[in-house]
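Computed from a predicted structure; not experimentally measured. All ligand and atom numbering here is 1-based and tracks the order in the structure.
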Amino acid sequence: MRTAAITAVGHYLPEDRLTNADLEKMVDTSDEWIRTRTGIRERRILKDPEKATSYMATEACKEILAKRGIGPEEIDLIIVATITPDMVFPATACRVQDQLGATNAWGFDLSAACSGFLFGLACGAQFIESGKHEKVLVIGADKMSSILDYTDRTTCILFGDGAGAVLLEPNTEGFGVLDSVEHTDGSGHTALCIPGGGSLKPASMESVDERLHYVYQDGKTVFKYAVKGMADVAAEIMARNDLDGDEIAYLVPHQANLRIIDATARRMGVSSDKVMVNIDRYGNTTAGTIPLCLYDWEKKLRTGDNLVLTAFGGGFTWGATYLKWAYDGSAVAAHAENALSAIQDN
Ligand code: UT7
């Protein structure tokens, strides 16, 4: 059987850090509140006004090409999961295609908020499984700082900027994406959204005055649905694939709130040492969280490891993916460091 396997992981994180102490000076909040309610200590911010989501996405993809030792012209398809496109149109994928020099690729953006990377992975996998494509880039990238109201303490403390990306290639040895579940419940659309700037409420002086171009979140409602949605969908994919907690090498959860992550892990029977958590360092990077976790844990991943990826986000959207890791991360990581330093030297 031809499956779609992740064969390389790349990332981009801006250098500038916004700590809880910094936020204490901007809004009425405290390091203690943020840490205990969310698990976040700091997040990264892309400060350069000339740079946007496509920049971070392209940098993540350049790292993949270097690690895998392939040229940009070999890429067939680029899927960018984002809610912070450089522009309303054209798609950010077009800008990534151009900046990367992926002359033979087509691409599109996918809008599914925090579930964007998982939805993108499901789409990309189909193009590999069907035999249509050999190399697909799936990117989760968001410049959340561009849509946050830094006077609103209920949202501005939660999010950060960043990008993660994976390369999908065919596998015939039983590794790669083995199953996925996706859900949408649009009745939740008002609980987490940007009300203005779309065709419903186009930008106007009034929409700006009413601050409609920023993220709005009814945190309590989203929290309630997220705890249930992420745990349910993880349990669903485990049941469908006869997996119990002991058989899972790592849970890779969307990083929105440590309490949601803990509840999901408990429901799955997965111990905390097998849960990827980096929310403390990056906050919620929306579509970026899951590939950024894969990047951070790559060195520890071994061929055949069972991974369950799960997310919940605006829409509402949620889902889970079951995959068998396809390579020895420590070997690739060593090779990658050489490849990357060779690029930097040139
Ligand atoms: O990734 C997309 C999906 N998003 C999520 O999954 C996020 C889901 N929601 C959450 O993670 C949580 O609801 C939040 C972290 C956003 C909020 O935590 P909470 O425990 O649900 O707090 P709350 O909204 O119930 O607020 C409790 C109190 C309120 O004060 P009162 O009304 O009890 O006096 C808030 O005004 O905390 C107050 N509060 C804050 N205090 C200090 C809200 N934000 C802050 C803040 N600093 N930043």
Using a strict threshold of under 4.0 Å (side-chain N to carboxylate O), is an ion pair present between D161 and R44? no

In terms of its nearest heavy atom to atom 14 (C) of ligand 1, the top option of L258, D218, N257 is N257

At under 4.0 Å between heavy atoms, what of W33 touches ligand 1? The answer is side chain

Can you tell me if D296 and Y282 form a side-chain donor-acceptor pair at under 3.5 Å? yes

If you measure every N/O of I157 against every N/O of ligand 1, is any gap under 3.5 Å? no

So the atoms of ligand 1 within less than 4.0 Å of a heavy atom of N284 turn out to be 1 (O), 2 (C)

**Study point:** Within-cutoff protein neighbour (heavy atom, under 4.0 Å) for atom 1 (O) of ligand 1
**Key:** yes

Near I260 (heavy-atom distance under 4.0 Å), the atoms of ligand 1 are 6 (O)

Looking only at the side chains, is there a donor atom on one of E73 and T103 sitting less than 3.5 Å from an acceptor on the other?
no

State whether a side-chain donor-acceptor pair under 3.5 Å links S180 with T321. no

Residue, atom and distance of the protein heavy atom nearest atom 29 (C) of ligand 1 read R153 NH2, 4.8 Å

Filtering G219, G315, C156 for the heavy atom nearest atom 13 (O) of ligand 1 leaves G219

Counting from 1 in the order shown, the ligand 1 atoms closer than 4.0 Å to a non-hydrogen atom of A256 are 1 (O), 5 (C), 6 (O)

The answer for which part of L192 has a heavy atom under 4.0 Å from ligand 1 is side chain

Note: heavy atom closest to atom 46 (C) of ligand 1, options T38, I34, T29, belongs to T29

How about H254 and W318: do any of their side-chain heavy atoms sit closer than 4.5 Å?
no

One finds that the ligand 1 atoms under 4.0 Å from a non-hydrogen atom of C114 are 1 (O), 2 (C)

Under 6.0 Å from the NZ atom of K274, do we count more than 12 heavy atoms belonging to anything else shown?
yes

Query raised in the report: Heavy-atom distance from atom 44 (N) of ligand 1 to the protein below 4.0 Å?
Result: yes

Of all protein heavy atoms, the one nearest atom 3 (C) of ligand 1 is V222 CG1, 3.7 Å

Flag: protein heavy atom within less than 4.0 Å of atom 31 (P) of ligand 1: no

Min side-chain heavy-atom separation Y55-D48 under 4.5 Å:
no

Closest to atom 25 (O) of ligand 1 by heavy-atom distance, out of R259, E32, K220, is K220

- Message: Between ligand 1 and S30, is the shortest N or O to N or O distance under 3.5 Å?
- Response: no

So the salt bridge (Lys or Arg N to Asp or Glu O under 4.0 Å) pairs with at least one residue in residues 79-107 (sequence neighbours excluded) are D86-R95

Report task. Can you establish whether the number of heavy atoms outside F223 located under 6.0 Å from its atom CZ is more than 12? Result -> yes

Checklist entry - Is any side-chain heavy atom of R240 closer than 4.5 Å to a side-chain heavy atom of V181? => result yes

**Prompt:** Below 6.0 angstrom between ring centroids: does that apply to Y295 and W297?
**Reply:** no

Q. Going by distance alone, is a donor N or O of one side chain under 3.5 Å from an acceptor N or O of the other, for H183 and E236?
A. yes

Nearest heavy atom to atom 19 (P) of ligand 1, choosing from Q217, M144, Q255, R37, belongs to R37

So for T286 against ligand 1, with non-hydrogen atoms under 4.0 Å, the contacting part is neither

- Query: Under 4.0 Å from atom 34 (O) of ligand 1, is there any protein heavy atom?
  - Reply: no

